[in-house]
A.B. asks: 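Please find one structure pasted underneath; my questions will follow.
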Amino acid sequence: MILALAGNQNSGKTTLFNQLTGSNQHVGNFPGVTVEQKSGEIRGEKNSTVVDLPGIYSLRPYSAEEIVTRDFIINEKPDGIINIVDATNIERNLYLTLQLIELGRPMVLALNMMDEVRANGGTIDVNALSAELGIPVVPISAARKEGLGELVERAIEVSTKKIRPQRLDFCSGALHRCIHAITHLVEDHADRLGIPSRFAATKLVEGDAPMLEALGLNQNESETIEHTVSEMEQELGLDRNAALADMRYTFIEGVCTRTVRKPQQSREHLRSVQIDNILTHRVFAIPIFLGIMLVVFWLTFGVIGTPLSDLLSAGIDRAAEAISGVLETYGLNPVMHSLLIDGVFAGVGSVLSFLPIIVTLFFFLSIMEDSGYMARVAFVMDKLLRKIGLSGRSFVPMLIGFGCTVPAIMATRTLSSERDRKMTIILTPFMSCSAKLPIYAVFTAAFFRRHQALVMILLYVLGMAVGVVCGLILSKTGKGKPIPFVMELPNYRFPSAKSVGLLLWDKAKDFITRAFTVIFIATIVIWFLEHFNYQFNLVEDSEYSLLGTLGRAISPIFAPLGFGNWKAATALITGFTAKEAVVSTLAVLTGSSVSDLPGMLGTLFTPLSAFSYLVFTLLYTPCVAAIAAIKREMGSALAAAGVVLFQCGIAWVVALLFYQVGRMILG
Ligand code: GDP
Ligand code: MG
């Protein structure tokens, strides 16, 4: 048995899904997080699967997530629908409910967040609501695990007994006549397609072209429909879509006045409005955001993360020394010894030692997200993005891009227009991903010890600024307009320890896995290339090794940027596999132990060329995994290659600018 979970964004679908299936999907107080449908078996109910669908507001496909959800419900024909409704926002949520009911599938309404409604002194007459809508209504609180047993029971009951919604008719007056006339007209066509004729009729009133085509109406019939619709439009003085929306809201209003007793004023909402007066202030919003980020970076690098990282790298060094001693007494071949200690330990260890920094940073970021603040940032950024001709929706993938570019590129599926999508895919890699953090951390520790947080902010802002400029240029060349973006602001909530902990665990696991897979292999390869020459003889001076030769061949490209030495150039090449590899490669090539890597960098860079190097690594090509994602989403290898070249070009120009201007200023 398959149950589809459908509801508005932020109504608690993923929370409910996790509770029902016992899985650990990411829950965000942030719309647009669930892009792909996920399915899982209900705990304790054999053969029952729930599918978590992306959040939608209507069945009119404006965006890819709406299409995913709509297609799933219409084509896959789940046995039942669990429509999850945010009870604190019941009017808006019921809008989707009415459309789902029209599909005529067995359906249960899960009235979520009842804990909040109750805490604020509101009540909902569940039985009356159920009678008005003609479907079972179960009050629940997904977060507090209340009412879930009954929900599952009712959902399975309606699905096995195929109990369909008892009431399909929410219309009145002219629209009622129009919808029913069309319903009768298309009945046979809809039956053939296996979709409810009432649903087909509503779609036709909306002017849904794919539906018109799918039904295969002849010219006579489609003309009759158009006449019926324009008759209705004239009578009501509203256009077709406005008429439908008006009908639904009128009905919802009626139902709500009869069944819902609103709390005077939701405490959460009141509090949110007060906080928003400050945090989304017209002028101060962005400075406040930058200020918060500065504090976060300062705490991460200055106060918590760096000392822990230093401790960890000292520990790794100790372990390396101890093992090195053991291996020497054992009499291991010096080449193998070097591979283990100078290669694996230095390479993997140097990356691993940044784990505390990553975890600390993501601790703060997940609190910002879970509390609902990030949604405000997206809201504020929307206005800015609009100015560069991008929809504010693009901000969501970009924000995810600060974590990792791969899911960010996937998140562009929520964008409705191809144009917005392509542009966002091109710009997302400029948002500095977390794999670049070790690079920033080690370089700022080496060269900008006293201004770590500041340099860090500067890099992030620079990435965004370059993205904005590229966006401006692209939007001038591209055709079309950004599609409007509706995003609701969730109430501020106290971040849940579970959801923050889960995210941290995910991040840490991911980071450690990468260190022991991609980075591990990369360091071994680097070590080999660094120690052997073309004849596979061991070399004395690594400058004449395979790697050294390659590095020397490409290093002239980087000479104008201030880092024309072959070690720096080589590290950039390995950074292609994964950005952390830049650090592990530098560790292997400088032959330093994990904790004195920053010191060794002083021999390769000046502060200015170090900054130029940071700028270059910030902007240059995304890693292999991200390129693969770009290729998948853009559907062409050529386009992906284009993105890579474009970014390397931009990185080179911007780093050149910084280095040359810096040299002039510093004399
Ligand atoms: P989705 O976008 O529909 O998948 O919604 P999520 O499951 O990500 O939840 C959105 C937010 O609502 C999260 O911050 C949840 O912690 C919160 N939430 C979910 N269910 C409840 C509930 O029953 N009560 C309260 N107070 N909050 C909830
Ligand atoms: Mg979700």
Side-chain angles (χ1 to χ4, degrees), residues 4-40 50-57 63 65-66 68-69 81-90 92-93 96-97 100 109-122 124 137-151 263 266-269 271-272 365-376 378 393 396 399-400 411 414 486-503 506:
L5 208 53
N8 286 186
Q9 287 178 349
N10 242 17
S11 57
K13 287 180 306 304
T14 307
T15 311
L16 179 62
F17 177 82
N18 286 346
Q19 300 285 15
L20 291 180
T21 60
S23 66
N24 283 329
Q25 295 297 344
H26 176 50
V27 176
N29 194 359
F30 192 82
V33 171
T34 315
V35 186
E36 284 175 302
Q37 62 197 46
K38 305 188 181 85
S39 56
V50 269
V51 181
D52 183 17
L53 295 168
I56 53 170
Y57 293 106
S63 69
E65 47 202 342
E66 291 181 353
V68 168
T69 304
I81 300 173
I82 298 177
N83 172 216
I84 181 161
V85 160
D86 173 359
T88 60
N89 257 318
I90 190 161
R92 200 207 49 230
N93 278 249
L96 176 67
T97 306
L100 289 172
L109 194 149
L111 206 51
N112 193 30
M113 316 234 182
M114 281 307 283
D115 55 325
E116 251 176 51
V117 173
R118 249 179 282 128
N120 292 317
I124 295 177
V137 175
V138 185
I140 65 166
S141 166
R144 302 190 178 189
K145 305 187 195 172
E146 291 167 12
L148 303 186
E150 193 193 340
L151 176 66
S266 146
R267 271 185 298 139
E268 281 81 1
H269 185 69
R271 192 182 56 196
S272 288
L365 291 185
S366 59
I367 285 184
M368 283 165 75
E369 182 187 323
D370 212 45
S371 63
Y373 179 59
M374 276 303 186
R376 269 68 187 185
R393 257 182 178 272
V396 179
L399 199 65
I400 300 175
T414 58
V486 237
M487 180 166 123
E488 84 188 84
L489 295 178
N491 283 342
Y492 285 100
R493 286 198 171 87
F494 198 76
S496 100
K498 184 172 175 231
S499 133
V500 171
L502 219 74
L503 191 86
D506 262 6

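Whatever order the structure lists them in is the order used to number ligands and atoms, beginning at 1. Every value quoted in this text rests on a predicted model; they were computed, and no experiment measured them.
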A.B. asks: Do Asn10 and ligand 1 have an N or O pair less than 3.5 Å apart?
C.D. replies: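 Yes, at least one N or O pair falls under 3.5 Å.
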A.B. asks: Sub-3.5 Å donor-acceptor pair from the side chain of Glu146 to the main-chain atoms of Ser141, do we have one?
C.D. replies: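 Checking the backbone N and O of Ser141 against the side chain of Glu146, no donor-acceptor pair under 3.5 Å is found.
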A.B. asks: Return the set of residues passing side chain to side chain contact (heavy atoms under 4.5 Å, CB included) with Ala87 (not counting sequence neighbours), or none when no residue passes.
C.D. replies: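 Scan of Ala87 (side chain to side chain contact (heavy atoms under 4.5 Å, CB included), adjacent residues dropped) gives Leu111, Met114, Val117, Ile124.
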A.B. asks: Looking only at heavy atoms, what is the nearest atom pair of Asp86 and Asn93, with distance?
C.D. replies: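 Distance-wise, the nearest heavy atoms are N-OD1, 3.0 Å.
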A.B. asks: With heavy-atom distances below 4.0 Å as the criterion, list the atoms of ligand 1 near Ala143.
C.D. replies: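 The atoms of ligand 1 under 4.0 Å from a heavy atom of Ala143 are 20 (N), 21 (C), 22 (C), 23 (O), 24 (N), 28 (C).
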A.B. asks: Which is it for Met368 and Leu365 under the side chain to side chain contact (heavy atoms under 4.5 Å, CB included) test, yes or no, and what are the steps along the way?
C.D. replies: CA-CA 5 Å; Met368 283 165 75; Leu365 291 185; 4.1 Å; yes
A.B. asks: Purely on distance, is any nitrogen or oxygen of Thr15 under 3.5 Å from one on ligand 1?
C.D. replies: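 Yes: some nitrogen or oxygen of Thr15 is under 3.5 Å from one in ligand 1.
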A.B. asks: Can you tell me if Asp86 contacts ligand 1 (heavy atom of the residue under 4.0 Å from the ligand)?
C.D. replies: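 No, Asp86 has no heavy atoms under 4.0 Å from ligand 1.
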A.B. asks: Residues in salt bridge (charged side-chain N to carboxylate O under 4.0 Å, His left out) with Glu150, at least two apart?
C.D. replies: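 Scan of Glu150 (salt bridge (charged side-chain N to carboxylate O under 4.0 Å, His left out), adjacent residues dropped) gives none.
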A.B. asks: I'd like to check which ligand 1 atoms, numbered from 1 as shown, lie under 4.0 Å from a non-hydrogen atom of Asp115.
C.D. replies: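 Checking each atom against Asp115, I get 22 (C), 23 (O), 24 (N), 25 (C), 26 (N).
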A.B. asks: Counting from 1, what ligand 1 atoms have a heavy atom of Asn8 closer than 4.0 Å?
C.D. replies: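 The atoms of ligand 1 under 4.0 Å from a heavy atom of Asn8 are 3 (O).
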A.B. asks: Return yes when Arg144 approaches ligand 1 closer than 4.0 angstrom through a heavy atom, no otherwise.
C.D. replies: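 Arg144 does not count as a contact of ligand 1 under the 4.0 Å cut-off.
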A.B. asks: Considering only heavy atoms of Ser141, which atoms of ligand 1 have at least one such atom less than 4.0 Å away?
C.D. replies: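 This gives 22 (C), 23 (O), 24 (N) as the contact atoms.
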A.B. asks: Quick test of your reading of the structure: of Thr14, Leu5, Asp52, whose heavy atom lies closest to atom 4 (O) of ligand 1?
C.D. replies: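 The nearest heavy atom belongs to Thr14.
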A.B. asks: Polar contacts were defined as any N/O atom of the residue lying under 3.5 Å from an N/O atom of the ligand; does this apply to Ile140 and ligand 1?
C.D. replies: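 So ligand 1 has no N or O lying under 3.5 Å from an N or O of Ile140.
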A.B. asks: Hey, which atoms in ligand 1 end up nearer than 4.0 Å to a heavy atom of Ala142?
C.D. replies: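 Counting from 1, the qualifying ligand atoms are 20 (N), 23 (O).
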A.B. asks: Which atom names give the shortest non-hydrogen contact between Ser272 and Tyr492, and what distance separates them?
C.D. replies: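 Result for this residue pair: OG-N, 2.8 Å.
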A.B. asks: Please confirm whether Ser11 approaches ligand 1 to less than 4.0 Å, judged on its heavy atoms.
C.D. replies: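 Yes.
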